[in-house]
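Everything on this sheet refers to the single structure shown next.
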Amino acid sequence: MNDTHPTADNATADPGLRELRRQLDTVSSRDFGRLLGRWRGLSRRADEGKLAALRADIERSVARRRARAAAKPPIRLDESLPISARGEDIVRLIREHQVVVIAGETGSGKTTQLPKLCLAAGRGEAGMIGCTQPRRLAARSVARRVAEELGTPLGDLVGFQVRFNDQVSERSLVKFMTDGILLAETQGDPWLSAYDTLIIDEAHERSLNIDFLLGYLKRLALKRPGLKIIVTSATIDTARFAEHFGGAPVVEVEGRAYPVELRWRPVDARPRDGMQQGSAEHIAAVLDEISHDDPRGDVLVFLPGEREIRDAHQLLSRRQYRETEIMPLYARLSAGDQDRVFKPGVKRRVVLATNVAETSLTVPRIRYVIDTGTARVKRYSQRSQLERLHVEPISQAAADQRKGRCGRVGPGVCYRLYDEADFSGRAAFTDPELLRSSLANVILRMLALKLGEVDEFPFLEAPDPRVVADGFRRLTEISAIDDARKLTPIGHTLARLPIDVQLARMLVEGEKLQAMRELLTIVSFLSIQDPRERPGDARQQADAAHAAFADPKSDFVGVLNLWRAYHDAHEELTQSKLRDWCSRHFLSFMRMREWRELHRQLLLVVQELGWKLDVSSAAQNEAQNARFAPPPASRGRLGGGEAFCDVAQNQKRTPPQPSPASRGGSESGAGQLYESVHRALLAGLPTQVGRKDEKGAYLGTRERKFQMFPGSALAKAPPNWVFSAQILDVGGRVWGMMNARVEPLWIEQQAAHLLRTSCRDAHWSKKRGCVVAYEQVSLFGLVLVEKRPVTFQQQDPALAHAIFLREALVRGDIESRADFVRANQRVLEEALGIEAKQRREGLIRHEDDLVSFFEGKLPGEIASSRALDAWYRKARPAEQAALRWSLDDVLVGGAALDAKAFPAALDMDVRVPRAQDAQERPLDMDV
DNA sequence: TGGGGATTT
């Protein structure tokens, strides 16, 4: 049984070909597409030689499939698990339907038994049975357990693949993996042809990966009728999955959990003044109640975050419950402290946990749950272009999930620190991540996979079109797509890098600016979870330990310092000593290892891309030793006379590019490296910048305001201009989390395609010998350059010429070798003398007339003294002569003429230029 | 003036 594509092939009269086509349905799924292609080619145009080769390949593929079928171990279900009772039904449904939805609570055995039921249903022969898990740890441990149950070594008939660890063999019938791995495989094999069956486990978690996969699989199911898909979920919300796949059958399997009694404990039920719902005091009051009834049962308390855990920890510790340990549990906790939670001792335990205990970790021996009903939730706000991390009420589904955490060892009791009305007013389900995220990554992946229009993709729930548009806009900002929303070469590169697109963009720029080595380190750091630990009882020590690596100008240089120290420690120390080193420096050993592994993975990818790590090995060594020099102080570089030359060369609206990085160990080399590194960072997040105001707050792009996060090494001396890798709205306060001092010029260079430039105050400069103007440069409302002199010629040649005629030639305010200029001034002086003698104003022609005199007599592109001289030198004598004034050109016809024709207000004092027309008329020159 | 939790070619 294999994929049978409805084809319009001329079904071929040739019986040999017809037979071959039938055989194709029994080949390995991995080979099917390629073999079918060859068969189609031959059915259009016969070729005996090729036909024989195809026949042989088909036979080989069929044999491989037979061998897989023969290798199947005997299948025994674990009869103690609830799912086993439904085994026959499930096998039948898998045979009869392409998609089956299995709903089962914890303890139903679905994760471990379903792959075996698939084997029993004849799956795993044409291709593997692929089983996805949301977490790596689960993928590995479930694989181990199933391998054990099937009596095969892990990595043989049952394998697993997670990032950095691939233990799957040719023989593997069942492959466990993270959903991220399966999603990544679509890139290299859009048909997912290695599999004949896919099990998407824990679909109710609705991560980005799961939602994307479910959309992808919906389409793939139509193209691969032979592919079987099983979606498992908690009992909630199975209808949505079934409906998504066109009415797939749903099997409900009971869990093996014990009943949990619900007790509502809103604050108003316990009249105590000033007690906040869900506060430490509130928790203590309920814990008192539990302790009174049963002083021995372990308690799991759900809180929104570390801060709340710390407060509760302090309060509960002071109350000195008998034989009780109070212990925190959150993801950033050190491995040792986490282990304590999983190795319960004789004392009763009260575990204060974040959401990490809701899905990721299972705390053993829990009899009571106290649910504050809140969680910190990350949401991307398209309106403010910010990530927000706010405390929100959890959904009913999440509350029930929390409740279930105390029914695993015996009947439990769940205390909810809110009332039933509150509960029923809540959302039934947690918003899927897809509806809470920026979509740049999702869209880039869709473009790379050529999945067509985003709004036609069969997501379970379609994202808001505004958020989709915002995702496209973000891709445009980093030049990943063009105006037609097609991937640019940069975009194609980004799609090959297994990290966030904006971080990947930094790598691309790092390559260009010859700072790959540094960017690999920084970008891999930004991709992992923060390895720095800050245990509640040693926060100052931890801060001090981390400060040893900090750099006062840049948190990213701090990251490089940490990397170097860790790298050295890794080279010199044994595994266990390295572990000590990490704990001494308050670093998570696991996450540091993750950093190193990701660094290595990225290194391999960029080598595949053919990128060089460094310019040369000599530069490499020097760069490693080079200390980072801070950026030069902003004085002078962008304002005043010195800057002019720099800017004047920069007339095509591309900001000046740096000379290739000289990476020597000299101070300037280090300064250059600092610049290259930070400009590469800016390329990935060009709008994450800000300028300090009088109050020390930062004004960013799109009128966004933020503060330097106090944990940043820059917090003590915040620079004027800052780049921030993450701007996060935490409960209404907006923090720039990881920061670096940058130069506005670097921002201008890296965000050149996003700038808005306006030109004002065009005027003649005698000193420069050309027409200049002041330009203002801004990035989404953030003014990068207030007033910078630029030559005006390229902006508006005609206007520059007009200004030149009036302010340089008519007024004679020019140093020129052309003799007519001085001659004309002599004529003018003479005329002024006549005017004075006659004691009459208005004898001299109006300036406009004098300007008109020159119009058309010299080329329109001339607007500088240099250009004038060059032209004049080569001009014919007649052309030269035409530029000379006579007294008649300067004086109004006769002294008797009506002076009213020349209103005094418009008369010009030609020797002392005043504020001019051009200055009163700002020129909007948006580029 | 203080960061829910996962994941990847």
Side-chain angles (χ1 to χ4, degrees), chain A residues 132-139 161-164 166 177-190 202 205-210 212-213 302-310 329-332 353-361 374-379 387-392 394 398 430 433 436-437 441-442 444-445 448-449 492-501 503-504 524 527-530 532 534 536 539 542-543 594 597-598 601-602 604-605 608-609 695-697 706-712 715-716 718 726-738:
Chain A
T132 70
Q133 288 292 313
R135 281 161 290 278
R136 288 189 226 161
L137 198 69
Q161 184 184 352
V162 296
R163 195 178 208 175
F164 314 130
D166 183 355
M177 67 197 122
T178 50
D179 33 40
I181 291 280
L182 185 62
L183 192 49
E185 285 181 5
T186 59
Q187 199 128 326
D189 176 14
E202 316 284 4
E205 287 192 17
R206 301 293 302 276
S207 65
L208 269 179
N209 285 348
I210 285 170
F212 196 100
L213 272 175
F302 283 102
L303 296 119
E306 282 183 43
R307 188 175 11 150
E308 291 82 0
I309 287 174
R310 209 162 43 234
L329 177 64
Y330 46 86
R332 235 172 63 136
T354 60
N355 252 354
V356 76
E358 194 178 296
T359 46
S360 303
L361 300 175
T374 53
R376 278 207 168 73
V377 178
K378 194 174 265 181
R379 282 180 192 276
E387 291 219 294
R388 298 155 49 98
L389 193 59
H390 286 202
V391 175
E392 298 182 6
I394 59 168
T430 308
E433 199 182 359
R436 295 188 277 118
S437 312
N441 282 291
V442 171
L444 183 88
R445 190 189 292 271
L449 290 169
H492 282 289
T493 305
L494 300 187
R496 290 184 59 181
L497 290 159
I499 43 171
D500 175 88
V501 283
L503 299 181
S524 50
S527 299
I528 59 162
Q529 290 169 290
D530 193 335
R532 288 171 287 197
R534 259 180 118 236
R539 290 164 63 206
D543 288 348
E594 180 94 357
E597 285 179 333
L598 177 56
Q601 186 189 23
L602 292 179
L604 292 174
V605 178
E608 271 174 34
L609 287 166
K695 290 178 195 154
F706 62 96
Q707 301 254 327
M708 179 75 69
F709 184 65
S712 166
K716 279 182 197 152
Q726 193 189 20
I727 298 179
L728 191 63
D729 174 342
V730 184
R733 310 204 58 161
V734 186
W735 302 109
M737 303 298 295
M738 279 199 79

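Throughout, protein chains are lettered first and strands after them, A, B, ... in sequence-line order, and every chain is numbered starting at 1. Keep in mind that what you see is a predicted model, and the values were worked out from it rather than measured.
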Practice problem: Pick out which of A/Gln707, A/Gln726, A/Met708 makes a side-chain contact (heavy atoms from CB on, under 4.5 Å) with A/Trp735. | Solution: A/Gln707
Quiz item: Counting any heavy atom closer than 4.0 Å, what does A/Leu208 reach on the DNA or RNA strands: base, sugar-phosphate only, or nothing?
Solution: nothing
Quiz item: Looking for any heavy atom pair under 4.0 Å, which part of the strands does A/Ala375 touch: base, sugar-phosphate only, or nothing?
Solution: nothing
Practice problem: Answer with base, sugar-phosphate or nothing: what part of the nucleic acid does A/Val377 contact at a heavy-atom distance below 4.0 Å? | Solution: nothing
Quiz prompt | A/Glu308 CD to B/dG5 P, straight-line distance once rounded to whole Å | solution = 11 Å
Self-check item: Under 3.5 Å: donor-acceptor pair, side chain of A/Glu308, backbone of A/Gly305
Solution: yes
Exercise. Looking at every strand, decide which applies to A/Leu183 at a 4.0 Å heavy-atom threshold: base, sugar-phosphate, or nothing.
Key: nothing
Self-check item: A/Leu389 side chain, from C-beta outward: closest of B/dG2, B/dG4, B/dT8
Solution: B/dG4
Quiz item: To the nearest angstrom, how far is A/Lys378 atom NZ from B/dA6 atom P?
Solution: 12 Å
Practice problem: Measure the distance from CZ on A/Phe706 to C1' on B/dT1 and round it to the nearest whole Å. | Solution: 15 Å
Quiz item: Would you say B/dT8 has OP1 or OP2 under 4.0 Å from some side-chain N or O of A/Arg136?
Solution: yes
Quiz prompt | DNA chain B: 5'-proximal contact among A/Asn209 and A/Glu306 (nearest heavy atom) | solution = A/Glu306
Quiz item: Has A/Gln529 got a side-chain N or O lying under 4.0 Å from the OP1 or OP2 atom of B/dA6?
Solution: yes
Quiz item: With no hydrogens and no angle check, is any side-chain donor or acceptor of A/Arg136 less than 3.5 Å from a backbone partner on A/Thr178?
Solution: no
Practice problem: Provide, to the nearest angstrom, the distance between the CZ atom belonging to A/Arg539 and the C1' atom belonging to B/dG2. | Solution: 7 Å
Quiz prompt | A/Arg307 side chain near B/dG3 phosphate (N/O to OP1/OP2, under 4.0 Å) | solution = yes
Exercise. Could you check whether A/Ala495 gets within reach of a base, just the sugar-phosphate, or nothing at all, counting any heavy atom under 4.0 Å?
Key: base
Self-check item: Closest listed nucleotide, where the reference is the side chain of A/Arg436 and the choices are B/dT8, B/dG4, B/dG2
Solution: B/dG4
Practice problem: Could you check which of B/dT8, B/dG3, B/dA6 has an atom nearest any side-chain atom of A/Val162? | Solution: B/dT8
Self-check item: side-chain N/O A/Gln726 vs B/dG3 OP1/OP2, d < 4.0 Å
Solution: no
Self-check item: Touch class at under 4.0 angstrom, heavy-atom based, for A/Arg163 against every strand present
Solution: base
Quiz prompt | Any A/Thr359 side-chain nitrogen or oxygen under 4.0 Å from OP1 or OP2 of B/dG5 | solution = no
Self-check item: Among B/dT1, B/dG4, B/dG2, the one nearest A/Arg534 by side-chain distance
Solution: B/dG2
Practice problem: Could you state the atom-to-atom distance from CG of A/Leu503 to P of B/dT8 in whole Å? | Solution: 16 Å
Quiz item: Between A/Gln161 (side chain) and A/Met177 (backbone), is there a donor-acceptor pair under 3.5 Å?
Solution: no
Quiz item: Just wondering, do A/Arg534 and A/Arg332 contact through their side chains at under 4.5 Å, heavy atoms?
Solution: yes
Self-check item: Atom-to-atom span, NE2 of A/His390 to C1' of B/dG3 - whole angstrom
Solution: 12 Å
Exercise. Using the closest heavy atom to pick a nucleotide of DNA chain B for each, name whichever of A/Gln601 or A/Arg135 lands nearer the 5' end.
Key: A/Arg135
Quiz item: Quick one: A/Phe164 CZ to B/dT8 C1', roughly how many Å, whole number?
Solution: 9 Å
Self-check item: Side-chain (A/Asp729) to main-chain (A/Val734) donor-acceptor, under 3.5 angstrom
Solution: no
Exercise. Tell me whether the OP1 or OP2 atom of B/dG5 has a side-chain N or O from A/Thr354 closer than 4.0 Å.
Key: yes
Quiz item: How is A/Glu185 classified with respect to the nucleic acid when contacts are heavy atoms under 4.0 Å: base, sugar-phosphate, or nothing?
Solution: nothing
Quiz item: Among B/dG3, B/dT7, B/dG2, which nucleotide sits nearest the side chain of A/Asp543?
Solution: B/dG2
Quiz item: Any sub-3.5 Å donor-acceptor pair from A/Glu202's side-chain atoms to A/Arg135's backbone N or O?
Solution: no
Exercise. Round to the nearest Å and state the distance from A/Arg332 atom CZ to B/dA6 atom P.
Key: 12 Å
